[in-house]
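Everything below concerns the one structure shown next.
Residue numbers begin at 1 in each chain, while the letters A, B, ... track the order of the sequences. Values below: all heavy atoms of this structure, side chains included; hydrogens, waters and symmetry mates excluded.
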Amino acid sequence: MQNSTGPRVRFAPSPTGFLHVGGARTALYNLLFARREKGTYILRIEDTDVERSKHELSDQILSALDWLGLEHDEGPYRQSARYDLYRAAADRLISEGKAYRAFETPEELDAERKKAEAQGRSYRYSGAGREISPDESDRRARAGEKFVVRLRMPAETIVVDDLVRGRVEFPADALDDFVLVRSDGHPLYHFCVCVDDADMRITHVLRGDDHLANTPKHVALFRALGAPVPAFAHLGMILGTDRKKLSKRYGAAAVEEWRDRGIFPEALVNFLALLGWSPGEDREILSREEMEREFSLERIGASPSVFDPEKLLWMNAQYMARMPAEELLERAKPHAPAGVPEKDAALAAIELHRTRARTAIEMGRALSMYAQDPEEYDPEGMKKNVRPETAAELERLIAKLENVSSWTAPELDAALRELAAEMKISASRLIHPTRLALTGVTVGAPLFDVVALLGKETALRRLRKFVERIRGDK
RNA sequence: GGCCCCAUCGUCUAGUGGUUAGGACACGGCUCUUUCAAGGCCGCGGCACGGGUUCGAGUCCCGUUGGGGCCA
């Protein structure tokens, strides 16, 4: 897959403890781009923020990516293991005069900021550190004076030719000499990103729109580093139904959450692929192979998109409808609360319920229905379908069913209708209470298929239990 | 607040100067039917607004409004 001459792209999540669906989409697009262009997709963990970079937090992201099937070609690299690289780069930048030490204390900076605010102008760093001579700078550093390292920003407009947004200009005076390394020696985010991208020879940066405003900083940094500036493609944000950035608290923002709700990874991938990218021709259900073959940056939209859970559910149902029964069974099994029936019955149950379930959870529940007698009955259904004479009617049904010649749906169907005719009542007066007795609910697969699948013994047992129960209720 | 981005049905989107503005989700109806789905058919519904450019703008330019992001 990888190729030494193709483009090199990366997905660089920070280890927040869960994989955001927006991040998953970014990872996917990077991967698709790499596959399409015969390039290399690299995974890098941006764990410079020591405090929240526990290993488990990144492990969870790794396993979520793995679950989605987004396999990387290189990495994962961890920034926390690359501090020497950042220090060396900072030293080099200082010695080349591309960056400088600034000795202001936080208090001094704060005062300047307050002053600027009071005067109603926006705060920018004074640039005082620029004026300090290299000799003095070295001397003060050696003397143990505290300093941060700042990048000397060029006094020129920075132009970004974004692959999805086109030409974006950032006037020079909008940016000040930002901090690369903190006074405690800790390298900061933007600096690490660029050092890494340069070091890893990243050619294309596909990332969220939220980084567009940071891009001029990065461009300046790449130039200072003497590294080629990669091409950029900024993706629109993924929003919640409230049109705000999809957040964890809003719910449904984490890939893991959808996994736990019984969504299949290929459905989530398909859904995410279409959030901001379109293959054209009104196609919606696409395999990974198709995406890898057809993905292109030109077909990425610039506008943000709302994450619609309803459509995800629909898409999941589409995958469910197409999945081989054996596979669906294996994948729904873990979600069956009370286990599944023996294989042939389970497979038959899958076919009976695949158009009725939208998630693996729902399918799991349906399967368990055949493995365990209902423990309770839908109260609404009881009210609606149970009348004073129901118990007696069901007893006649039980007697009738005990004598059917073969326990198949058509036979059972015929038997019940015959009985209804004998009793001069409508078949549905028998059908609805029977469904409730067998499944505990009023909705589901065609009744006679369910009865046939349950088997004589189980069906009659459930019917008797139910009769007992409604007699007791009176 | 400064800078930047975005703008086609409620939502995801197709559309790259000439279209009855197409598809999908959701919604409503019909059909199928013992129920619920799925499926099929039909329907509802959109180019944010105002100026330009042009013979002709959803499509190009400017502004307004609205939404979002970054910095502080």
Nearest to the side chain of [X], heavy atoms from C-beta on, is which of [options]?
{"X": "Pro446(A)", "options": "rU35(B), rG69(B), rU11(B)", "value": "rU35(B)"}
{"X": "Pro171(A)", "options": "rC36(B), rC3(B), rC71(B)", "value": "rC3(B)"}
{"X": "Thr355(A)", "options": "rA26(B), rC3(B), rA37(B)", "value": "rA37(B)"}
{"X": "Leu275(A)", "options": "rA26(B), rC6(B), rC12(B)", "value": "rC12(B)"}
{"X": "Ser303(A)", "options": "rU34(B), rC25(B), rC6(B)", "value": "rC6(B)"}
{"X": "Asp209(A)", "options": "rC5(B), rG39(B), rC70(B)", "value": "rC5(B)"}

Work out how far the [atom1] atom of [N] is from that of [M], and round it to whole angstrom.
{"N": "rC44(B)", "M": "rC3(B)", "atom1": "P", "value": "46 Å"}
{"N": "rG45(B)", "M": "rG40(B)", "atom1": "P", "value": "23 Å"}
{"N": "rA72(B)", "M": "rG67(B)", "atom1": "P", "value": "24 Å"}
{"N": "rG43(B)", "M": "rC71(B)", "atom1": "C1'", "value": "50 Å"}
{"N": "rA21(B)", "M": "rA14(B)", "atom1": "C1'", "value": "10 Å"}
{"N": "rU64(B)", "M": "rC27(B)", "atom1": "P", "value": "40 Å"}
{"N": "rC42(B)", "M": "rU59(B)", "atom1": "P", "value": "31 Å"}
{"N": "rU65(B)", "M": "rA57(B)", "atom1": "P", "value": "25 Å"}

Nearest-Å distance, [atom1] ([X]) to [atom2] ([N])?
{"X": "His20(A)", "N": "rG69(B)", "atom1": "NE2", "atom2": "C1'", "answer": "14 Å"}
{"X": "Arg354(A)", "N": "rG39(B)", "atom1": "CZ", "atom2": "P", "answer": "13 Å"}
{"X": "Leu313(A)", "N": "rC12(B)", "atom1": "CG", "atom2": "C1'", "answer": "15 Å"}
{"X": "Asp449(A)", "N": "rU35(B)", "atom1": "CG", "atom2": "P", "answer": "14 Å"}
{"X": "Phe307(A)", "N": "rC12(B)", "atom1": "CZ", "atom2": "C1'", "answer": "11 Å"}
{"X": "Leu447(A)", "N": "rU34(B)", "atom1": "CG", "atom2": "P", "answer": "11 Å"}
{"X": "Lys384(A)", "N": "rC36(B)", "atom1": "NZ", "atom2": "P", "answer": "8 Å"}
{"X": "Arg429(A)", "N": "rU35(B)", "atom1": "CZ", "atom2": "P", "answer": "17 Å"}

>> By nearest heavy atom, map Arg299(A) and Val306(A) onto RNA chain B; which one lands nearer the 5' end?
In response: Val306(A)
> Where each residue is assigned the nucleotide of RNA chain B containing its nearest heavy atom, which of Glu310(A) and His432(A) is assigned the position nearer the 5′ end?
Replying inline: Glu310(A)
What does [X] touch in the nucleic acid at a heavy-atom separation under 4.0 angstrom: a base, only the sugar-phosphate, or nothing?
{"X": "Gly276(A)", "value": "sugar-phosphate"}
{"X": "Ala427(A)", "value": "nothing"}
{"X": "Glu351(A)", "value": "nothing"}
{"X": "Arg165(A)", "value": "sugar-phosphate"}
{"X": "Phe178(A)", "value": "nothing"}
{"X": "Gly236(A)", "value": "nothing"}

Under-4.0 Å side-chain N/O to phosphate OP1/OP2 contact, [X] with [N]:
{"X": "Ser305(A)", "N": "rU13(B)", "answer": "yes"}
{"X": "Arg356(A)", "N": "rU35(B)", "answer": "no"}
{"X": "Arg167(A)", "N": "rC4(B)", "answer": "no"}

> Who is the Watson-Crick or G-U wobble partner of rC25(B), with both distances under 3.5 Å?
Replying inline: rG10(B)
> Which pair of heavy atoms, one from Leu312(A) and one from Ala267(A), lies closest together, and at what distance?
Replying inline: CD2-O, 4.3 Å
>> Over 60° means perpendicular and under 30° means parallel, so tell me whether Tyr189(A) and His211(A) are parallel, tilted or perpendicular.
In response: parallel
>> Which label fits Phe232(A) and His234(A): parallel for a plane angle under 30°, tilted from 30 to 60°, or perpendicular past 60°?
In response: parallel
>> With a 3.5 Å cut-off and heavy atoms only, can you find an N or O donor on one side and an acceptor on the other between the side chain of Asp282(A) and the base of rG22(B)?
In response: yes
> Is there a donor on the side chain of Lys311(A) or the base of rA26(B) sitting less than 3.5 Å from an acceptor on the other?
Replying inline: no
>> As an exercise, state the distance from CD of Glu46(A) to CG of Asp196(A), rounded to the nearest 0.5 Å.
In response: 7.0 Å
>> When you measure from the centre of the six-membered ring of Tyr100(A), is the NZ or CZ of Arg130(A) closer than 6.0 Å and no more than 45° off the axis?
In response: no
>> Check whether Phe178(A) forms a cation-pi arrangement with Lys217(A) (NZ or CZ under 6.0 Å from the six-membered ring centre, at most 45° off the ring normal).
In response: yes
> Is any NZ, NE, NH1 or NH2 atom of the basic residue among Glu402(A) and Arg464(A) found under 4.0 Å from an Asp or Glu carboxylate oxygen of the other?
Replying inline: yes
> Is it true that a side-chain atom of Arg299(A) and a backbone atom of Phe295(A) form a donor plus acceptor pair closer than 3.5 Å?
Replying inline: no
